[in-house]
Novice: 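Dumping the structure here so I can ask a few things about it.
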Amino acid sequence: AVRLRRGVFWYYLEELRSSPAVCEDAAYPLAPMSFAQIRTCAFRVLYYRQRVAVEFFHALTDGTGGLVFLKTLLAEYVTQRYHTAIPAAEGVLDRLQDPRPEELEDSFLKAAGPVAASRREATAFHPQGTREPDGFLHVTTGLLPVQPLLALAHSHGATVTELLAAVLLQSLLTLQREQVRPRRQKPVKVLLPVNLRPLFGSQTLRNFALYCSPGVDPRRGEYTLPQLIAAVHHCLGLENTPQQMAAKIAANVNSERSPVLKMMPLFVKNAAMKLVFDLVGERKSCLTLSNLGRVSLPPELARYVRRMDFVLGVQAGAPYNCGVLSFGDILTVNLIRNTREPALERQFFTDLLALGLPVTVESNRR
């Protein structure tokens, strides 16, 4: 429970002395947080009827850490509301215990390697669309049964994440052919967040995730779905290693360690970071596909939970992002966008249906 503060040389997090207020959910998820709000508290706890949601400023934690917080919050609510004892298991923490030092560790500093990886990547295609003038965020949800999806992925020698990423690449290729002339087309790439805790033996609950970015260049020819699956599979095999991730971490951490940069005032750092972000940030991928995997709860808690969802915030410079998780026998895909036209969602779920997967689609469209 912290807030973001602005110092002379760095931003820093300051612990809150009182609990933040629980608020009623708004018309759409992940409404922008002003800096004044982040200075009050860097996360939100929201409710709407029988739904509870938590939203995090990414500097606090990643999806894995946020899920631990949500599970523990739900366990405490059920304990107080229904007088049911929930064991500290399956990611539920004991609120009466002090946090262990490992939970608060900045594992990026610990895991940085001696050599930094290059940030050079080709600029990727971004789906076109008409921005919503009032900032409304559309969320389109696809509900898929887990077993048929698993069977299909295994038939291709792939994981569910690899299959979904490949289908998403296929949909993006189709969309780019419709929106962009062949000579002006760009690579299509999907950022896949990687939970670094298993790679480095970390138990931190702070943000500790990096990305792999599988993709293809349509200017080199057309790709079948098996070829796209292979591209994703081999990219993850090459990049998702302790050595490669340590080099990527070093590329980020080295600037923080630089004596010259340490002495620069914050407004200079902000300008420099914005320039780097514009050059090597979201321009290098079409969108992020983040799969939290299978969510498990203690049986004493699971009987009170009907459904779980995971929604990523929309990118700053691109219109889409995608969050995935499975709970029980249902996998939930949430595509979020800040444009009016649901072009990518329509193509993606159509492509899944073409593979013989039953998909139920929901939306918060007005």
Side-chain angles (χ1 to χ4, degrees), residues 62-64 117-127 142 149-150 152-177 180 185-196 198-199 209-249 251-252 280-293 310 312 315 317-325 331 333-336 344-345 347-349 351-352 355:
D62 51 24
T64 300
S118 172
R119 299 176 189 260
R120 291 183 180 178
E121 288 188 68
T123 299
F125 162 70
H126 283 170
L149 182 60
L150 268 175
L152 180 61
H154 291 165
S155 71
H156 286 279
T159 65
V160 167
T161 299
E162 290 169 350
L163 175 65
L164 291 176
V167 176
L168 202 48
L169 288 173
Q170 178 180 265
S171 303
L172 288 161
L173 287 169
T174 302
L175 208 58
Q176 184 171 216
R177 283 195 298 268
V180 182
Q185 291 186 4
K186 298 177 181 178
V188 296
K189 290 186 286 186
V190 177
L191 282 187
L192 299 180
V194 174
N195 176 14
L196 298 177
L199 282 180
L210 271 183
Y211 298 87
C212 294
S213 52
V216 294
D217 190 338
R219 294 169 297 185
R220 298 178 180 176
E222 297 191 1
Y223 295 85
T224 64
L225 181 61
Q227 289 174 328
L228 294 172
I229 293 172
V232 175
H233 176 78
H234 292 302
C235 176
L236 289 176
L238 288 170
E239 293 190 24
N240 191 13
T241 65
Q243 296 84 356
Q244 187 65 18
M245 287 300 171
K248 287 188 176 185
I249 293 170
N252 295 331
V280 301
E282 293 172 348
R283 295 179 61 200
K284 305 305 179 183
S285 67
C286 305
L287 76 166
T288 298
L289 168 65
S290 183
N291 185 1
L292 282 184
F310 175 43
L312 285 182
Q315 295 192 38
Y320 279 98
N321 257 343
C322 181
V324 179
L325 61 73
L331 181 132
V333 180
N334 280 300
L335 274 160
I336 190 170
L344 180 59
E345 302 96 312
Q347 187 63 53
F348 178 63
F349 292 124
D351 288 345
L352 288 175
L355 293 173

Novice: For residues 185-194, which residue pairs qualify under side chain to side chain donor-acceptor pair (under 3.5 Å), counting only residues two or more places apart or in two chains?
Specialist: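 Listed by first then second residue: Glu121-Lys189.
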Novice: Are the side chains of Val180 and Leu175 in touch, meaning some heavy atoms are under 4.5 Å apart?
Specialist: no
Novice: Give, for atom CG of Asp351 and atom CD of Gln170, the distance between the pair rounded to the nearest 0.5 Å.
Specialist: 4.5 Å
Novice: Using the side-chain contact (heavy atoms from CB on, under 4.5 Å) rule, take Thr288 and Leu192 through it: C-alpha gap first, then chi angles, then the decisive distance, then the call.
Specialist: CA-CA 6 Å; Thr288 298; Leu192 299 180; over 6 Å; no
Novice: Which atom pair, heavy atoms only, marks the closest approach of Tyr211 to Leu191?
Specialist: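 Closest heavy-atom pair between Tyr211 and Leu191: CD2-CB, 3.7 Å.
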Novice: Do Leu344 and Leu287 come close enough that some side-chain heavy atom pair is under 4.5 Å?
Specialist: yes
Novice: Can you tell if the side chain of Phe348 reaches within under 4.5 Å of the side chain of Leu335, non-hydrogen atoms only?
Specialist: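 Yes, their side chains come closer than 4.5 Å.
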Novice: Are any non-hydrogen side-chain atoms of Tyr320 and Ile336 less than 4.5 angstrom apart?
Specialist: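 They are not in contact (no side-chain heavy atoms under 4.5 Å apart), so the answer is no.
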Novice: Taking all heavy atoms of Leu199 and all of Met245, pick out the closest pair and write down the distance.
Specialist: CD1-CG, 3.9 Å
Novice: Is His126 reaching over with its side chain to a backbone N or O of Ser285, donor-acceptor style, under 3.5 angstrom?
Specialist: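 Pair found, side chain donor or acceptor close to backbone of Ser285.
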Novice: Rounded at 0.5 Å granularity, tell me how far CD in Glu239 sits from OG in Ser213.
Specialist: 5.0 Å
Novice: Given side-chain contact (heavy atoms from CB on, under 4.5 Å), test Ile249 with Leu196 step by step and report yes or no.
Specialist: CA-CA 10 Å; Ile249 293 170; Leu196 298 177; 3.9 Å; yes
Novice: Nearest heavy-atom pair of Leu289 and Thr161: which atoms, and what distance?
Specialist: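 Distance-wise, the nearest heavy atoms are CD2-O, 4.2 Å.
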Novice: Between atom CG of Leu238 and atom CD of Gln243, what is the distance when rounded to the nearest 0.5 Å?
Specialist: 12.0 Å
Novice: Using 0.5 Å steps for rounding, measure from the CG atom of Leu236 to the SG atom of Cys212.
Specialist: 5.0 Å
Novice: Hey, does the side chain of Gln227 reach the backbone of Thr224 with a donor-acceptor pair shorter than 3.5 angstrom?
Specialist: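 Judged by distance alone, yes, a pair lies under 3.5 Å.
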Novice: For side-chain contact (heavy atoms from CB on, under 4.5 Å), just list the numbers for Leu210 and Val194, CA-CA rounded to whole Å, side-chain angles, deciding distance to a tenth of an Å, and then say yes or no.
Specialist: CA-CA 5 Å; Leu210 271 183; Val194 174; 5.5 Å; no
Novice: Measure the shortest side-chain to side-chain distance between Leu331 and Leu164 over non-hydrogen atoms and say whether it is less than 4.5 angstrom.
Specialist: yes
Novice: Nearest 0.5 angstrom please: Ile229 CD1 to Ser155 OG, how far?
Specialist: 7.5 Å
Novice: Taking all non-hydrogen atoms of both residues into account, name the closest pair between Cys286 and Phe125 and its distance.
Specialist: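 Heavy atoms of Cys286 and Phe125 come nearest at SG-O, 3.0 Å.
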Novice: If we only count heavy atoms from C-beta on, is the Leu172 to Val190 side-chain gap below 4.5 Å?
Specialist: yes
Novice: Below 4.5 Å, heavy atoms only, C-beta onward: do Leu292 and Val324 meet side chain to side chain?
Specialist: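 Sidechains of Val324 and Leu292: no contact.
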Novice: Got Leu228 and Leu173 here, is their nearest side-chain heavy-atom distance under 4.5 Å?
Specialist: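 With C-beta onward as the side chain, the pair touches.
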Novice: Looking at every non-hydrogen atom in both residues, tell me the closest pair between Cys322 and Leu312 and how far apart they are.
Specialist: O-CD1, 3.3 Å
Novice: How long is the straight-line distance from CG of Leu163 back to NE2 of His233, given to the nearest 0.5 Å?
Specialist: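 Interatomic distance, His233 NE2 to Leu163 CG, rounded to 0.5 Å: 13.0 Å.
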Novice: Looking at Pro187 and Arg219, what are the two nearest heavy atoms and their distance?
Specialist: CD-NH2, 3.7 Å
